[in-house]
Amino acid sequence: MKALAPLALSTSIKGLTTIFNTPKMFIGANVFPEGPVVGPSTMDTLANRCAKKRAFIVTDEFGNKFAAKAARFLQSGGFTVEIWPRCLPEAPMEVVAECAKAMKAYEPDLIMAVGGGSVMDSAKAAWVLYERPDIIDLGMISPLDKLNLRQKAILVAVPTTAGTGSECTGVSVIHDNAASRKIPITHDELFPDFAILDPQFTISMPPKLTAGTGLDVLAHAMDSVTTPAANEITEPLALKAIEMVFQWLPRAYQNGQDKEARHRMLIAASIAGMAFGNNGGAHLTHSFGHSLGAVFNLHHGMCVGFFLPQTLQFCSPVTDKHLLICRTLGIEAKDAKKGLVKLVARVRSFLTELGVPLTLKELGISRADFNAHFDKLVKFAFEDVDCYLSPRPITAAQCAQVFRYAYDGRDIDF
Ligand SMILES: [Fe+2]
């Protein structure tokens, strides 16, 4: 089955019908204008879609101050606004259900998610429950179902980090903590109607979070290039995102107040979201990263970024698409093998520049801890849904070997 999954996604089969989704996007420092605007504004578009003008803002304690700005903007356009600031990291199922309950009581026709990945994912899932109270188990939603969303409300995503790209994907990942179960929901109808990118909303991210979220962008984009599901639309988007991350992330990391770097990284995150959101592109960086993050409670973006070298190396026997990344980054390579060596060296020096260690040992994981959790690490990675999307099918024994090598930073040679 694992070997068939990437084939089923490949352009030769999937290409019989290629669907490309993207929200309408508003980008820049004046997307939430507080004074007069020249030309069409964000409000002109939103107000047209919402007859009742009842807005429900989903956020968390960090996004609350930005939600207040978004609320002022909506009120200026005649909306009645309720802010629901109780989202939690990892989007726990019970919090999503609570959010949906508040939506049902308020009956909005506009739902706005203001926050990072877990806020946007929580809002998407709660929106499904609000629109479809007959759905009991979100985990049972198939991408082939017809959900008929948007009968009650439209969805607007306003990211406050530049990483997840959830504002431009039809993906929502929530967690059923009671059953220790991750519930990934992927559906065409989950693409937000609008994405509003205000670089001011990302400016207060501390350097470590800036690096972590930025590396998430890079992992989405690099996996989107090497996946067999890449197509003529997603590939150039992913390559552009890679170019932008290398250009702008170090600046945003070194100086959080650098408005241009923040602005470009926010766009890069959305572009990478469009690429992987339309080709199911994230693969091994995410299966290994998810596992490492879950077992040692580490940041998602940092973990997926950490596994970029191993992913490129493991996939290289079945693809030479990393040469496209080399070309994008101006890396000259005579053949696929030499290109891989240079690209991995470039990625490693980039990780170092961003303060990310190159080995699990340097990450502070003791040998005893590593050994104690080894089986769990391998199991989580191997069973992760993204593992099925690897261009090169991977066995549990190979997963184990990748972790062993990652502990000391050895090059993958199998
Ligand atoms: Fe990610």
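Order of listing sets the numbers, starting from 1, for every ligand and every atom in it.
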For D223, which residues count as a side chain to side chain donor-acceptor pair (under 3.5 Å) partner, sequence neighbours excluded? T285
Name the orientation class of the two ring planes belonging to F56 and Y106 (parallel below 30°, tilted from 30 to 60°, perpendicular beyond 60°). tilted
Whether F307 and F403 hold their rings parallel, tilted or perpendicular, with breakpoints at 30° and 60°: perpendicular
Starting from the Fe ion (ligand 1), count all protein N, O or S atoms within a radius below 2.8 Å. 4
Can you pull out every salt bridge (charged side-chain N to carboxylate O under 4.0 Å, His left out) where at least one residue sits in residues 351-378? Sequence neighbours excluded, please. K361-D408, R367-D408
Apply the side chain to side chain donor-acceptor pair (under 3.5 Å) test between H283 and each candidate in T227, D386, T311, T226; give the one that qualifies. T226
So salt bridge (charged side-chain N to carboxylate O under 4.0 Å, His left out) across residues 258-269, not counting sequence neighbours, yields R251-D258, E260-R264
